[in-house]
Student: 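Here's a structure for you.
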Amino acid sequence: MNISNNGIEILKKLEGSVIRAGKHVIYDDQTGQPVTPNTPLPRGATIGYGHLIKPGEDFANGIDENSATELLRRDVARAENAVCTNITPPITQNQFDALVIFAYNIGAKNFAGSTVVKYINNPNFHSATYPTMDAAWLAWNKSCGHAMPGLTRRRESELKLFYS
């Protein structure tokens, strides 16, 4: 399976972006603030819809919407692979999209080892820490050990898509 166009649009909304003068510009992923041109990039420098800038990539002039979407589709491939590799029962397109969006945000390795995957793959699974799959999913709402309202809303949106 691959993420649907609807899934991509939902992911774009959840990731957000920073656009100035019609172009996606580099921003600090932690603050969401644009990076001042010609200054060193902060750790977590991002462009488009959550693309973490890697050494050697140059986006100083910004990118257009098509390029931002292409970057997202390339980046989301790792999350798609994580879902395809780790989820064993048949799932619907909306469930797949929700899981890809979740995996994209928490990372493929974290996704693979998550209690969410254990619940989906084994209907008899039980966790003392997370009594339901929903509780396990919603627990991924922290940054630096603190619950973040934005991540809580994101997890709720992902679950809503999963059950739709």
Side-chain angles (χ1 to χ4, degrees), residues 1-87 91-114 116-117 137-144 146-164:
M1 291 181 90
N2 294 100
I3 193 169
S4 68
N5 289 334
N6 181 55
I8 286 288
E9 292 306 313
I10 291 168
L11 182 53
K12 283 180 175 182
K13 287 180 184 140
L14 290 171
E15 283 295 321
S17 63
V18 177
I19 299 175
R20 297 290 185 267
K23 285 190 163 189
H24 290 261
V25 296
I26 299 170
Y27 62 95
D28 182 329
D29 189 47
Q30 288 297 312
T31 66
Q33 296 301 308
V35 172
T36 305
N38 304 316
T39 62
L41 295 180
R43 184 173 180 266
T46 305
I47 195 161
Y49 299 103
H51 176 78
L52 290 171
I53 299 172
K54 296 167 193 66
E57 291 182 323
D58 181 9
F59 298 108
N61 295 321
I63 57 175
D64 63 16
E65 177 61 25
N66 287 338
S67 297
T69 300
E70 285 175 29
L71 269 178
L72 177 61
R73 285 195 179 275
R74 254 187 303 182
D75 290 346
V76 85
R78 188 166 182 193
E80 288 173 321
N81 186 53
V83 174
C84 290
T85 301
N86 292 288
I87 299 298
I91 56 175
T92 67
Q93 183 66 56
N94 281 352
Q95 289 172 327
F96 183 82
D97 289 352
L99 288 165
V100 168
I101 291 166
F102 179 58
Y104 182 78
N105 187 246
I106 70 170
K109 186 177 179 181
N110 287 332
F111 176 79
S114 73
V116 170
V117 169
W137 195 312
L138 293 170
W140 287 91
N141 69 339
K142 294 168 188 66
S143 179
C144 300
H146 297 89
M148 305 297 287
L151 284 175
T152 299
R153 286 190 298 276
R154 181 182 180 125
R155 298 289 94 91
E156 290 168 348
S157 294
E158 293 161 351
L159 270 174
K160 183 177 176 185
L161 176 61
F162 185 85
Y163 288 119
S164 67

Student: What is the minimum heavy-atom distance between A108 and A82, and which atoms define it?
Tutor: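 Looking at all heavy atoms of both residues, the closest pair is CB-CB, 3.7 Å.
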
Student: Is a salt bridge present between E70 and R73, judged by a nitrogen-to-oxygen distance below 4.0 Å?
Tutor: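 No, E70 and R73 are not salt-bridged.
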
Student: Is any side-chain heavy atom of Y104 closer than 4.5 Å to one of I3?
Tutor: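 A side-chain contact is absent here, since even the closest heavy-atom pair is not under 4.5 Å.
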
Student: Decide yes or no on side chain to side chain donor-acceptor pair (under 3.5 Å) for E9 and N5, but give the supporting numbers first.
Tutor: CA-CA 6 Å; E9 292 306 313; N5 289 334; over 6 Å; no

Student: If you round to the nearest 0.5 Å, how far is CG of L99 from CG of N94?
Tutor: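 N94 atom CG to L99 atom CG measures 11.0 Å (nearest 0.5 Å).
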
Student: Between V25 and P34, what is the shortest heavy-atom contact and its length?
Tutor: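 Closest pair (atom of V25, atom of P34, distance): CG2-CB, 4.2 Å.
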
Student: Can you find a pair of side-chain heavy atoms, one from I91 and one from M1, that are under 4.5 Å apart?
Tutor: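 Yes; the side chains approach each other to less than 4.5 Å.
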
Student: To the nearest 0.5 angstrom, please state how far the NZ atom of K23 sits from the CG atom of D64.
Tutor: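 It is 7.5 Å, given to the nearest 0.5 Å.
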
Student: First locate atom OG of S4, then atom CZ of F96, and finally report the distance between them rounded to the nearest 0.5 Å.
Tutor: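 So the OG of S4 and the CZ of F96 are separated by 9.5 Å.
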
Student: Which value, rounded to the nearest 0.5 Å, describes the distance between K142 atom NZ and T152 atom OG1?
Tutor: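 The NZ atom of K142 sits 7.5 Å away from the OG1 atom of T152.
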
Student: Just so I know, are the side chains of R153 and L14 near enough to count as touching, which here means a heavy-atom distance under 4.5 Å?
Tutor: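 R153 vs L14: side chains apart.
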
Student: Considering only heavy atoms from C-beta outward, does the side chain of I87 approach that of F111 to under 4.5 Å?
Tutor: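 Yes. Closest side-chain heavy atoms under 4.5 Å.
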
Student: Can you name the nearest heavy-atom pair linking L161 to A98, along with the distance?
Tutor: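 Between these two residues, the closest heavy atoms are CD2-N, 3.7 Å.
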
Student: Which heavy-atom pair separates R155 from E158 by the least distance, and what is that distance?
Tutor: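 Minimum heavy-atom separation between R155 and E158: NE-OE1, 2.7 Å.
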
Student: Contact between S157 and I10 at the side-chain level, heavy atoms closer than 4.5 Å - yes or no?
Tutor: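 The answer is no, as the side chains (C-beta and beyond) never meet within the 4.5 Å cut-off.
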
Student: Side chains of S114 and W140: closer than 4.5 Å at any heavy-atom pair?
Tutor: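 They are in contact (side-chain heavy atoms under 4.5 Å apart), so the answer is yes.
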
Student: Would you mind reporting whether L52 and D75 have side-chain heavy atoms less than 4.5 Å apart?
Tutor: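 No, every pair of side-chain atoms sits at 4.5 Å or beyond.
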
Student: Using a strict 4.0 Å threshold on nitrogen-to-oxygen distance, state whether K160 and E156 make a salt bridge.
Tutor: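 The answer is no: the pair does not qualify as a salt bridge.
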
Student: Nearest heavy-atom pair of S17 and G48: which atoms, and what distance?
Tutor: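 Taking S17 first and G48 second, the nearest heavy atoms are CB-O, 3.2 Å.
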
Student: Take V100 and L11 through the test side-chain contact (heavy atoms from CB on, under 4.5 Å) and record every step on the way to the result.
Tutor: CA-CA 9 Å; V100 168; L11 182 53; 5.7 Å; no

Student: Between CH2 of W137 and CZ of F162, what distance do you get to the nearest 0.5 Å?
Tutor: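 Output value for this atom pair is 5.5 Å.
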
Student: Taking all non-hydrogen atoms of both residues, which atom of N86 and which atom of V117 are closest, and how far apart?
Tutor: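 That would be O-CG1, 3.6 Å.
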
Student: Would you give the length of the straight line joining atom NZ of K13 to atom CZ of R154, rounded to the nearest 0.5 angstrom?
Tutor: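 One gets 13.5 Å once the value is rounded to the nearest 0.5 Å.
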
Student: Side-chain contact, heavy-atom cut-off 4.5 Å: E65 with T69?
Tutor: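 SC-SC contact between E65 and T69 confirmed.
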
